[in-house]
**Student:** 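Before anything else, here's the structure in question.
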Amino acid sequence: MSAVLVVHGGAWAIPNDLAQASVEGVKAAACGGFAVLKAGGSALDAVEAAVMGLEDNGVFNAGHGAALNTDGEVELDSIIMDGRTLGCGAVSSVKNIAHPVSLARAVMEKTSHVMLTDRGANLFAESIGVATVPTEALVTELERTEWKKNKTYMAGVVEDFNAQAHDTVGAVAVDRAGNVACATSTGGIRNKMVGRVGDSPVIGCGGYADNLSGAVSCTGHGESILKVTLARLILSHIEQGKSVAEASQLALQYMGDRVKGAGGAIVVSPSGQWSATFTTERMAWAAVEDGVLWYGLEPNERKKEQLSQ
Ligand code: GLY
């Protein structure tokens with residue numbers, strides 16, 4: 001079967017001056033992740049590689065480019081999940097780590113736990129030799145300028161999903177063996193309380209992967225996503241026979257109706273069906289399958305580029 005990889009760069013009202021860079025960023029990350037699949041790598045390796053690329057890109061709210069909390073600090077959340085085994089690793093509120101997704105993978109592979117938080121996550125990182133970086137190395141000029149405007153968290157939420165700010169990255173993949181995986185990484189929402197954990201690192205909310213149904217990575221207002229367990233809700237609809245696109249639309253619609261939350265999701269099924277769906281103004285996403293790169297930013301936009309083999 002053909003391998004597929006899909007990424008998102010966050011569902012929010014991406015301003016025009018970041019639109020091009022967001023689209024270029026997701027295209028590059030999708031191609032980078034797909035190169036891993038093409039070389040025979042697993043879905044798990046591919047989603048980690050794609051998310052690492054997005055974490056390195058200051059346009060996105062993850063790793064370098066993360067949103068700042070009320071103290072002006074970076075606190076990062078991430079999850080990775082392997083659909084073969086339901087193996088899962090997550091970190092929350094970690095500081096000074098350039099690639100939280102890789103630390104999440106280390107939690108999955110090197111500990112008996114699913115999630116480590118805050119100081120414990122940083123102590124674990126130190127114990128396995130993960131280098132820390134100064135906070136300022138992760139903060140972009142744009143984020144520091146926006147943070148200095150000193151708006152409240154709720155004003156940020158309104159801006160995030162109706163006007164301007166930024167949200168989360170993620171990837172889902174299915175490899176040639178039919179194994180699925182997901183990864184999600186975020187700086188959270190600007191001016192969040194110190195210690196606030198959003199949906200991204202929470203299993204079944206910011207992401208889920210199961211070879212029996214598919215893999216999902218979510219983005220959007222974390223408190224809303226947590227309340228409806230968005231990733232698992234999407235997979236429940238798939239289990240009941242919906243297509244990946246229908247399942248995503250139903251679950252996002254439910255989140256809008258039930259808790260007035262907006263967001264987005266990328267999904268891939270074990271048979272290679274995929275979708276990128278959102279209820280915000282924009283979401284940068286890209287997908288690679290069968291030598292074709294698909295991408296979009298606006299609702300219902302689906303552009304296509306043939307990749308050289
Ligand atoms: N969706 C990311 C967050 O709310 O933290």
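Excluded from the calculations below are hydrogen atoms, water molecules and symmetry mates; all remaining heavy atoms, backbone and side chain alike, are included. Numbering of ligands and ligand atoms starts at 1, following listing order. All values derive from a computational prediction rather than experimental measurement.
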**Student:** Is any N or O atom of Asp199, backbone or side chain, closer than 3.5 Å to an N or O atom of ligand 1?
**Tutor:**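 Asp199 vs ligand 1: N/O contact under 3.5 Å present.
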
**Student:** For residues Asp77 and Ser92, is any side-chain donor paired with an opposing acceptor at under 3.5 Å?
**Tutor:**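 Judged by distance alone, the side chains do not pair up.
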
**Student:** Applying side-chain contact (heavy atoms from CB on, under 4.5 Å), run through Lys260 and Ser224 and close with a yes or a no.
**Tutor:** CA-CA 8 Å; Lys260 307 271 174 284; Ser224 300; over 6 Å; no

**Student:** At a 4.0 Å threshold, what atoms of ligand 1 neighbour a non-hydrogen atom of Ile189?
**Tutor:**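 Result: 4 (O).
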
**Student:** Is the backbone of Val101 close enough, under 3.5 Å, to the side chain of Glu55 for a donor and an acceptor to pair up by distance?
**Tutor:**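 Confirmed, Glu55 side chain pairs with Val101 backbone.
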
**Student:** Output yes when the distance from some N or O of ligand 1 to some N or O of Gly220 is under 3.5 Å, and no in every other case.
**Tutor:**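 The answer is yes, given that Gly220 and ligand 1 share an N or O pair closer than 3.5 Å.
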
**Student:** Check for me whether Arg302 meets the cation-pi criterion with Trp294, that is, NZ or CZ under 6.0 Å from the six-membered ring centre and within 45 degrees of the ring axis.
**Tutor:**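 Output yes; distance and angle both within limits.
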
**Student:** Can you list everything that forms a side chain to side chain contact (heavy atoms under 4.5 Å, CB included) with Asn211? Sequence neighbours excluded, please.
**Tutor:**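 With neighbours one apart ignored, the set is Arg84, Asn179, Val180.
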
**Student:** Would you check whether Gly222 has a nitrogen or oxygen atom less than 3.5 angstrom from a nitrogen or oxygen atom of ligand 1?
**Tutor:**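 The answer is yes, given that Gly222 and ligand 1 share an N or O pair closer than 3.5 Å.
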
**Student:** Which of the numbered atoms in ligand 1 are under 4.0 angstrom from any heavy atom belonging to Thr168?
**Tutor:**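 Going through ligand 1 atom by atom, the ones under 4.0 Å from Thr168 are 1 (N), 2 (C).
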
**Student:** Touching ligand 1 at all, Arg196? Heavy atoms, strictly under 4.0 Å?
**Tutor:**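 Within the 4.0 Å threshold, so yes.
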
